[in-house]
There are 2 protein chains.
Amino acid sequence: MDEVFKALADASRRSLLDRLHASNGQTLNELCEGLAMTRQAVTKHLAILEAASLVTTFRQGREKLHYLNPVPIHQIGERWIRKFERGRLTALSELKRRLEKRDA
Amino acid sequence: MDEVFKALADASRRSLLDRLHASNGQTLNELCEGLAMTRQAVTKHLAILEAASLVTTFRQGREKLHYLNPVPIHQIGERWIRKFERGRLTALSELKRRLEKRDA
DNA sequence: TTGACATGCAACCATTTGGTTGCCTATCAT
DNA sequence: ATGATAGGCAACCAAATGGTTGCATGTCAA
C-alpha cells in the first residue's frame with residue numbers, strides 16, 4: 001500500500017499512468033515521446049510503477065509493452081479514501097466536545 | 001492536487017490523518033503521544049498536511065487544535081481514482097490492437 | 001511573578017529521490 | 001553480416017525529505 005502511495009506521489013508518474021490509461025500497452029519509447037525527460041528517467045519511473053503493481057510489462061521481441069493495472073488504485077479508493085468520506089463530524093461539534101472535556 | 005498526493009505519500013502522515021479521523025481536534029502533544037518521533041518531526045508533518053489542506057488548525061490559548069479536512073481526499077477519489085475504475089480494456093484486447101497496428 | 005507547559009524557529013544531518021551521461025546488449029531489417 | 005533500433009545497467013549528481021538537537025516564545029496556574 002505504501003509503495004502505491006509513493007508511486008502516485010510524483011506528477012510524472014501519474015502522467016505516465018494517464019498516458020497508459022489513454023492508450024494501454026505502449027512501449028518504452030512510445031511513452032517517452034514528447035516528454036521532457038530522458039528515456040532512462042522514464043525507465044526508472046516505470047520501474048517504480050511496476051514495483052507498486054500499477055503497471056505490468058512483458059516483452060515482445062525487442063519491445064517492452066506496458067500495461068496499466070487499475071487494481072491498486074481501486075483498492076486505495078476502497079480501503080482508504082472511503083473511510084474518510086463518511087463520519088465527518090463537523091469542526092464545531094468537535095470543538096464543543098473539546099471544551100466540555102476541558103471544563104470537566 | 002500534487003501537494004495532496006505528496007502529503008499522502010508518507011505513512012507517518014497517513015497515520016496522523018487516521019488519528020485525527022479517530023478523534024478530531026487534537027493538540028500537537030496529543031498527536032505526538034505514543035509516536036516514535038520527536039514533536040518537531042510531527043510538527044513538520046502536520047505543516048505538510050496543512051499546506052495540502054488536509055488538516056486545518058487554529059489556536060486556542062496556548063494549544064493548537066488540529067482538524068481533519070476530508071475534502072481533498074474526497075476530490076482525489078472523485079477526480080482521479082474514478083477515472084481509472086472504468087474503461088479498463090483488457091490486456092489481451094490491447095495486445096490484439098497492437099499486433100494489428102504492427103501488421104499494418 | 002514565576003515555573004511549568006505548549007508550541008515555534010533554525011541549523012544541521014543522512015538518506016532518498018529524480019534526473020543525468022556513457023556505455024553495453026539484444027533484436028530486427030536489409 | 002551489419003547498421004539501426006529498443007532497451008538495460010551503472011555511476012554520478014543536486015536537491016528534496018525526514019529526522020534530529022538546541023533554544024526561544026507565549027500562555028496558563030499557583
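Worth saying up front: this structure is predicted, and the values here are computed from it rather than measured. Per chain, numbering begins at 1; letters A, B, ... match sequence-line order.
The bend of the helix from C:dT1-D:dA30 to C:dT30-D:dA1, defined by the angle between the axes of its first five and last five pairs, stands at 20° to the nearest 10°.
Closest contact between the side chain of B:Thr43 and the listed nucleotides D:dA4, C:dG8, D:dG18 involves C:dG8.
No donor-acceptor contact under 3.5 Å links the side chain of B:Arg62 to the base of C:dT7.
Taking A:Asn69 as the reference, nothing meets the side chain to side chain donor-acceptor pair (under 3.5 Å) condition, with sequence neighbours excluded. The salt bridge (charged side-chain N to carboxylate O under 4.0 Å, His left out) search around B:Glu78 returns B:Arg82, not counting sequence neighbours.
Counting heavy atoms from C-beta on, the side chains of B:Ile81 and A:His74 never come closer than 4.5 Å.
The six-membered or imidazole ring of B:Tyr67 lies near that of B:Phe58, with a centre-to-centre distance under 6.0 Å.
In this structure, B:Arg13 reaches the D:dG18 phosphate: one of its side-chain N or O atoms is under 4.0 Å from OP1 or OP2.
Along DNA chain C, the nucleotide nearest to A:Arg59 and the one nearest to A:Thr38 differ in position, and the one closer to the 5' end is contacted by A:Thr38.
Contacts of A:Arg39 with the nucleic acid, taken as non-hydrogen atoms under 4.0 Å apart, include base atoms.
Residue B:Lys44 contributes atom NZ, which lies 11 Å from atom C1' of D:dT21 at whole-angstrom precision. Protein atom CG of A:Leu16 is 13 Å distant from nucleotide atom C1' of C:dG18, rounded to whole Å.
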